Amino acid sequence: MLMLPSRRTKKLPVLIVLHQERSSPGRVGQMLVDKGFPLDIRRPVLGDPLPETMAGHSGAVIFGGPMSANDPDPFVKAEIDWIGIPLKENKPFLGICLGAQMMVRHLGGTVAPDKDGLTEIGWYPLRPTEHGRLLMHWPKMVYHFHKEGFDAPRGVQLLAEGDAYPNQAIRCGDNAWGLQFHAELTRAMMQRWVVHGEHRFIMPNAQKGREHLDGRMIFDAPLKEWLWNFLDIVFERPETVRARTETPRRQALQAG
């Protein structure tokens, strides 16, 4: 399915990979469209093919889902293998939660639960690393909905850390990125997740549904602003974001 911006654009579409029939790219999709990118939405779990080359796309985003990157389903393995195409062609790639875990699996890393069975379901602190601080400003709290995390394979740069799951944001090379947390949720999406995911709120370290919605009132605005700027860094030409990234880089160097 192709979703077009309201204005004419010369930008190639961004490939959007979703994992359920009713899944949505949320604010990531809305923001990319606002930035002038058409969206090529595909659901391999429902039989949609993935392209053999990224020549016709500006980049790709693989979103989350209820499945695990360790599952034996053919579409899971196919997506993990397919990630080699944008990596080889050096096209922008962003993995969110499951998508990030798939990228780590492709790179030879490990996806696994916390050793004590802790989850991250709700709002939790985020701390940028030195590499992350040089890149941009980061929100202090981010939203999660997962019970597995990923390690940082050799050659991957860690950008942000958390508590229960230390690896929260990573970069591989110039153009491949992975996020363990969710910045893409609209309010309607969060409402659905809270309703349909209620049975998970009894898991260790999970927050109750009211905490999800109350946290959104406090923490969502800076997360939304961060996402807008982060998508520029991932998908726009470097010269268009250089001025935006120079300020935090200069401030971090002066502070150090």
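In this chain, residues are counted from 1 in sequence order. All values reported here derive from a predicted model rather than from experimental measurement.
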Salt bridge or not between D220 and R216? Use side-chain N to carboxylate O under 4.0 Å. yes
Euclidean distance, [Y] [atom2] relative to [X] [atom1], rounded to 0.5 Å:
| X | Y | atom1 | atom2 | answer |
| --- | --- | --- | --- | --- |
| Q30 | L32 | CD | CG | 10.5 Å |
| H199 | H196 | NE2 | NE2 | 11.0 Å |
| K224 | T186 | NZ | OG1 | 10.0 Å |
| L179 | N167 | CG | CG | 12.5 Å |
| R171 | L158 | CZ | CG | 13.0 Å |
| F93 | I83 | CZ | CD1 | 4.0 Å |

Sub-4.5 Å side-chain heavy-atom contact between [X] and [Y]:
| X | Y | answer |
| --- | --- | --- |
| I218 | W123 | no |
| R42 | P51 | yes |
| P25 | E184 | no |
| I170 | V104 | yes |
| M103 | F150 | no |
| Q20 | L18 | no |
| V142 | L223 | yes |
| N70 | R105 | yes |

Taking a hydrophobic cluster as the set of Ile, Leu, Val, Met, Phe, Trp and Tyr residues connected by side-chain heavy atoms closer than 4.5 Å, whether directly or through intermediates, do [X] and [Y] fall within one such cluster?
| X | Y | value |
| --- | --- | --- |
| F201 | F181 | yes |
| M54 | L39 | no |
| V61 | W177 | yes |
| I16 | L46 | no |
| F230 | M141 | yes |

If you apply the rule side-chain contact (heavy atoms from CB on, under 4.5 Å), what do you find for W228 with R27, and how did you get there? CA-CA 9 Å; W228 178 268; R27 286 198 305 215; over 6 Å; no
Does the ring of F37 carry K11 above it, NZ/CZ under 6.0 angstrom from centre and within 45° of its axis?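 Yes, a cation-pi geometry holds between K11 and F37.
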So, do W193 and H182 have ring centers that fall under 6.0 Å from each other?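 Aromatic pair counts; centres sit under 6.0 Å.
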Tell me whether the centres of the aromatic rings in Y165 and H146 are closer together than 6.0 Å. yes
Any luck finding a side-chain donor-acceptor pair between Q180 and Q101 under 3.5 Å? yes
Could you tell me whether the side chain of [X] and the main chain of [Y] form a donor-acceptor pair under 3.5 Å?
| X | Y | result |
| --- | --- | --- |
| S58 | V14 | no |
| N175 | N90 | yes |
| H106 | I80 | yes |
| T9 | G36 | yes |
| R200 | F145 | no |
| H19 | G64 | yes |
| D81 | A78 | no |

Evaluation steps, side-chain contact (heavy atoms from CB on, under 4.5 Å), between Y143 and H212: CA-CA 8 Å; Y143 188 70; H212 296 224; 2.6 Å; yes
Count the heavy atoms of every other residue, nucleotide or ligand shown that sit under 6.0 Å from CD of E225, and state whether that count exceeds 12.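 It does not: E225 CD has 12 such atoms or fewer within range.
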So if I apply the side-chain hydrogen bond (donor to acceptor under 3.5 Å, both in side chains) rule between E120 and each of K147, Q168, Q207, which one comes out positive?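 Exactly one pass, corresponding to Q168.
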Take V17 and E79 through the test side-chain contact (heavy atoms from CB on, under 4.5 Å) and record every step on the way to the result. CA-CA 9 Å; V17 180; E79 285 187 38; 3.7 Å; yes
Heavy-atom pair with the smallest gap, counting every atom of C172 and V156: CB-CG2, 4.3 Å
Relative to the ring of W226, is the ring of W138 parallel (under 30°), tilted (30 to 60°) or perpendicular (over 60°)?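 Rings of W138 and W226: tilted, 30 to 60°.
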Starting from the C-alpha separation in whole Å, work towards a yes-or-no answer on side-chain contact (heavy atoms from CB on, under 4.5 Å) for L213 and Q191. CA-CA 8 Å; L213 300 174; Q191 291 275 11; 4.0 Å; yes
